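For reference, the structure discussed in these notes is given below.
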Amino acid sequence: MAKYINASDGFSLRDLTLKEGLVFEVTNDYENFDEEEFGYSEDLPLTNEEALNLLNMNDFEDEDEDDCNDANINKQITVCGISFEQLKTNMTDIFGNGKVMKLIKQKGVGSIVPYDAQITIKYIGHFEYRDEPFDSSFARGGAETFRLNQGMLIPGLEIGITTMQKHEIAMFIIHPDLAYGKYGCAPRIPPNEEILFIVHLTDYIDNGSVDNIKCLSSEERKQLPNIVKSVNAKFNTAKDCFSKQKVKQAIREYSKGLQWLEEVELKDQDEEDEVNKLLSRGYNNLAVCYNIANMPRRACSACNRVPTPTVKTHFNHGRALLKMGEFSKAMEKLQFALKMEPKNTEIIKEIRIVS
């Protein structure tokens, strides 16, 4: 039988000379990783004009222009033509001292960002009356991820972001005291300069819950109510890592959350049901990660520890066994998965490979 190799796993010269032949398999495991859709997408680098259009920034009209000039009626301008003082008249003063001003361009949903969350944003940073931004995530591909309360962003921008909701687009004008100060940061940042940021908050993860577990005693960690938020936060961080194809980091995050769950002392059936649900989610996704990382034995182990096996469990178990050359056992798992979902094309394709 021909040898099947996932193209992303690589191959050797010996593989190319096999008498039985070689078949390259191209899969996209990232698409079927979790039941929920990821909140992230890869973006091509954009020009400044394209980014501003995307953020709906070209609808500000300069009211200082001569209203009688027909050429200026309904004139659309870019952010570099906006007076900060004029813009502030439409903004909200977050602190009451004028040092962080905010204007919402698109309302968000859900809760406000926690002060120590891991955030994913698209942004543009401008000085007043400059033609081009001094910083733009769009020039580097789109969304970027930061951890708040870790000194990764200037204070004024952190303050502004902690007033936002997921999917919100907002503008902030930040005083030098909460930006780069009276000296700036030569040669890029002038001294004593106000800064305008346009920010699109695409997603965030509450990592504060993970940090809180460090303050618990060993006995407190065995109580489910004390750790469930931390486990969910770990899983969400792992999911974020996976969506960025950082598989090994996702494995570490899932493994840590699962370790906390395995140490819990259950009090009743409700707690057992909740833990089994979380264990199933964690081990199923861990198995996917191990398969992608070409660690099939660990993938099998993860599948065996799923309390409530699903189609996903049997499929990934079969895939791992196939990688190990255990063809009969792989077929058994895949056939079981197919009985549960007879029209699943991914399962059918995997069965054909085993055959």
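Excluded from the calculations below are hydrogen atoms, water molecules and symmetry mates; all remaining heavy atoms, backbone and side chain alike, are included. These numbers were taken from a predicted model, which means no experiment stands behind them.
Cation-pi check for Lys166 over Tyr204 is met; the charged atom lies under 6.0 angstrom from the ring centroid and within 45 degrees of its normal.
A donor-acceptor distance shorter than 3.5 angstrom exists from the side chain of Lys102 to the backbone of Thr163, with no hydrogens or angles considered. Glu158 places a side-chain N or O within donor-acceptor distance of the main-chain N or O of Asn149, the cut-off being under 3.5 Å. Panel note: side chain Asp240, backbone Asn236; no donor-acceptor pair is recorded below 3.5 Å. Between the Glu271 side chain and the Lys267 main chain, a donor and an acceptor come within less than 3.5 Å of each other.
Ring geometry for Tyr254 against Phe235 counts as tilted: the plane angle lies between 30° and 60°, on a 0 to 90° scale.
In plain terms, the two heavy atoms of Cys303 and His317 that are nearest each other are SG-N, 3.6 Å. Shortest non-hydrogen contact noted between Ala170 and Glu168 is CB-OE2, 3.6 Å. Closest non-hydrogen pair, Ile119 versus Ile161, comes out as CD1-CD1, 3.6 Å. The two atoms that bring Arg305 and Glu262 nearest to each other are NH2-OE2, 3.3 Å, heavy atoms only. Taking each heavy atom of Ala320 and Cys300 in turn, the nearest pair found is CB-SG, 3.6 Å.
Between Glu85 and Lys88 there is a salt bridge, since at least one side-chain N of the basic residue sits less than 4.0 Å from a carboxylate O of the acidic one. A salt bridge is absent between Glu263 and Lys222; no separation between the charged side-chain nitrogens and carboxylate oxygens falls under 4.0 Å.
You'll find the side chain of Glu274 stays beyond 4.5 Å of the side chain of Asp270, heavy atoms only. Using a 4.5 Å heavy-atom cutoff, the side chains of Leu201 and Gln165 are not in contact.
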Step-by-step side chain to side chain donor-acceptor pair (under 3.5 Å) determination, Asp135 to Tyr123 = CA-CA 8 Å; Asp135 191 12; Tyr123 70 92; 2.9 Å; yes

For Phe315 and Leu334, what are the C-alpha separation, side-chain angles and deciding distance, and is it a side chain to side chain contact (heavy atoms under 4.5 Å, CB included)?
-> CA-CA 6 Å; Phe315 174 76; Leu334 292 170; 3.9 Å; yes

I would like to know whether Glu350 and Ile353 meet side chain to side chain contact (heavy atoms under 4.5 Å, CB included); could you show each step before the answer?
-> CA-CA 5 Å; Glu350 205 77 7; Ile353 293 173; 4.1 Å; yes

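If you chain together hydrophobic residues whose side chains sit under 4.5 Å apart, Ile104 and Phe95 never meet in one group.
For Lys333 and Asn316, the side-chain atoms include no donor-acceptor pair closer than 3.5 Å.
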